[in-house]
Amino acid sequence: MPVETDFLASLNSSQRQAVQHFCGPLLVVAGAGSGKTRALTYRIAHLILNHNVNPETILAVTFTNKAAKEMKERIELIFAQRLAQEKEGQRLELLPEHQQLKLRSRAYKDITKHLWIGTFHSLFARILRYEINKYQDLKGYQWTKNFTIYDESDAQNLVKNIVTKQLNLDDKKFNPRYLRYSIGNAKNQGLYPEDVASQQPTYRGRVVSEVYQEYQLQLAANNALDFDDLILIPARLFSQNESVLGYWHQQFRHILVDEYQDTNRIQYQLINLLATNGETDKNCLNWENRSIFVVGDADQSIYSFRMADFTILLEFQQDFGDGLPDDDTRTMVKLEENYRSRENILEVANTLIENNSERIDKVLKPTRGYGEDIYCYKAENEIEEAQFVRNQILNLKRENPELDWGSFAILYRTNAQSRGLEEALRADIPYHIVGGLKFYDRKEIKDALAYLRLLTNPNDTVSLLRIINTPRRGIGQKTLDQLIGASQELGIPLWEIISDETSVNTLAGRAAKAVKQFANLIKSYQAHVNQLTAAEILDGILSESRYREDLQNQGTEEAENRLENLKELESAMMQFAEENEDSSLESFLANAALASDLDNLNEGEEKVSLMTLHAAKGLEFPIVFMVGVEQGLFPNHRAIDDPASLEEERRLCYVGITRAQEQLFLSYAQERRLWGSREPAIPSQFLQELPQDLINHSSPPINPRRQQKSHSTTSKKTNPSPQNWQVGDRVFHDTFGEGKVTHVLGSGNKTNLAIQFPGVGRKIIDPKIATLQPL
DNA sequence: CTCTTTTAAGGTACC
DNA sequence: CTTAAAAGAG
């Protein structure tokens, strides 16, 4: 049967070109809201179905774990759908639920389980678990496959210790955070400590180099890697070992990279090596049964501060492609049709971004008509601004019953701005803050993980030091200094000292008893690592260490919360064991360091979303408020004098604008409280760069009735298409996927549709509000 | 060793 | 102004 039609009928011609791409290089320049995730998922399915590509040979790199998970799910659904048609002659959603589940799990076992989909870090951490013993370090350092992954705070602790304890430098002059950042930068450019010193022959440069060198030694001593190493070490291993590279080059015949504009030089090097097997002459590459397919948008590159380099995307055509002009090239396709936003929103976004110089020419083409006015509100101060947002939300919600709290997002440049907004909303609007504190960053979770890491990797001194006196057991700084001193003199891990009774008795003085007790606790669980499940171990440790008891005794609400979080960690462990058919502690820990949040478990609750503009990338909302659009705040004062940074701020603004589907509100305050004092503020230069005829500077009406046609009937730029919906129409909804119209409710401007979405259920949807693509 | 007071820093953040 | 981590007192 023609599988083709299933996939391709709903796509426009550029999307189709991307999805049908088989061998060789292809750059997909995908504007905001242009359906790039569909292009990616459909192409993967297409490779498997129409070109008989083995799923194990597909490597797809995503920007976040969440994106990876979503992609896997969407591919799984495609295959489950196909199984339903093939075996039952029915659409998946029409089958009984148990049948649906059965087909989905079949699709998982046959297909998605075998795909290599994940972030750079998770994919290459996985590869390192196989290969790290083959890595030859310049300094002769060694890691073993049960290495621990240090997060940012672990890494910073390490740096701080090196600065203050080892090198006896003034940590005010050499801020550990600055140093850690410098080391990260060096690693992301593939530099060794020596390179830093020679590149930067100043005192400062020499210090960075020295700290970097010591830092790397300590990581090795702890059998630990930081996030940067997860990319850097594979890249070095691939460069130094032909047979290892050859193996993985053979393995990954089809490489896909999402958010390509946010890759850095090392990530690029890694992808390049895998795709070319180290062949540097472009003309000698053999693309038979092999491809590299990257998707990105230089206009949405907003992470240069962490070494992302969008010129990598701009150079794709030279590196891999045919390098022909845009009209003739066969190695680049642009997705410019935007299915998300109203035409006036897109026009504003397009106009703004044209002020940037370094880009690929690209215009977002509207597929939807004009929407409500874009208001730009001048507030007296940040309090009044927050009130404005609150009132608008309440008003819009009241006037438009189809909107729920989840339809609104408030975007700001800096986290500090969230507070005032929260205060304004708290009383009568449910909201949640996206981003912010991550589950695995919480103190209690980090403590628990430190206990667990110690069991599988006793060399992990950072974790050991974290919990040796948590909860308080009377092991203080003086005792630790003694123990650490001994371990350094003998050149052995701290654990070896602590686990040896004789040494402890000699060194620890009156804390000896406590140290021995602690060591015995760890030892007793180390003995059980392979017999007990991860959750059982955690539960036991929390009790026997009295960690739980300690929290219970505090009796504060905060302590209660921490206990709740620990419970949640336990259930996450059990869930992980179920999903991965492996309940071992090692396997859980290998993933935990790379997992970011469990918070998306609570989705489904309808709440207004508050987040930074950075956190909003990839998301969309019917109504978007962009607040604090002031010179010095947005663009940030640190970016104003540097043209490249200013362009990045402008891209950030572009990202913010293009999050809005229906309506956009901009606002700025004339006076803002900053660190105590009130400072006058002036409107952002970006506001002047917007097409003024599309910006309404007056206050929105008190009861803004949303008359959908207000503009579309009067404007000559109208994009018509008030679609005549009929029962039986098939549609695609960005959130719910494919569905079928079962009822048409009302008529004219008040038409609502009842749509049955497989696996989701029936939803009543206003086609004026939701992004519905007819299929 | 632990509790209280002082001091410093406050741009964005994925893994 | 606020928050967190470091220094100082009991």
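Just so we're on the same page: letters track the sequence lines, and every chain starts at 1.
At the phosphate of B:dA13, OP1 or OP2 sits under 4.0 Å from a side-chain N or O atom of A:Asn415. Here A:Thr612 reaches the OP1 or OP2 of B:dA13: one of its side-chain N or O atoms lies under 4.0 Å away. A sub-4.0 Å separation between OP1 or OP2 of B:dC14 and a side-chain N or O of A:Lys438 is present. Phosphate contact (OP1/OP2 of C:dT3, side-chain N/O of A:Arg419, threshold under 4.0 Å): present. For B:dC1, the OP1/OP2 oxygens have a side-chain nitrogen or oxygen of A:Thr479 closer than 4.0 Å. Between A:Arg306 and the phosphate of B:dC14, there is no side-chain N or O to OP1/OP2 separation shorter than 4.0 Å. Between A:Lys66 and B:dC15 there is no side-chain polar atom (N or O) within less than 4.0 angstrom of OP1 or OP2.
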Extract from the structure each pairing of a protein N or O with an N or O of nucleotides 2-5 of chain B at less than 3.5 Å, listing the distance.
unit_1, atom_1, unit_2, atom_2, d
B:dT2, OP2, A:Asn469, ND2, 3.4
B:dC3, OP2, A:Arg472, NH1, 3.1

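For a distance-only test at 3.5 Å, the side chain of A:Glu648 fails to qualify as a donor-acceptor partner of the base of B:dG11.
Under the side chain to side chain contact (heavy atoms under 4.5 Å, CB included) criterion, A:Lys617 pairs with A:Phe63, A:Glu259, A:Gln261, A:Asp262, A:Gln300, A:Ile302, A:Tyr303, A:Val655, not counting sequence neighbours. For A:Thr414, the side chain to side chain donor-acceptor pair (under 3.5 Å) criterion is met by A:Gln417, not counting sequence neighbours.
Here A:Trp675 lies parallel enough and close enough to stack on the base of B:dG10, with planes under 30° and ring centres under 5.5 Å apart.
Aromatic ring orientation, A:Tyr130 versus A:Trp248: tilted (interplanar angle from 30° to 60°).
Proximity of A:Phe147 to A:Asn457: side-chain heavy atoms (C-beta onward) are nowhere separated by under 4.5 Å.
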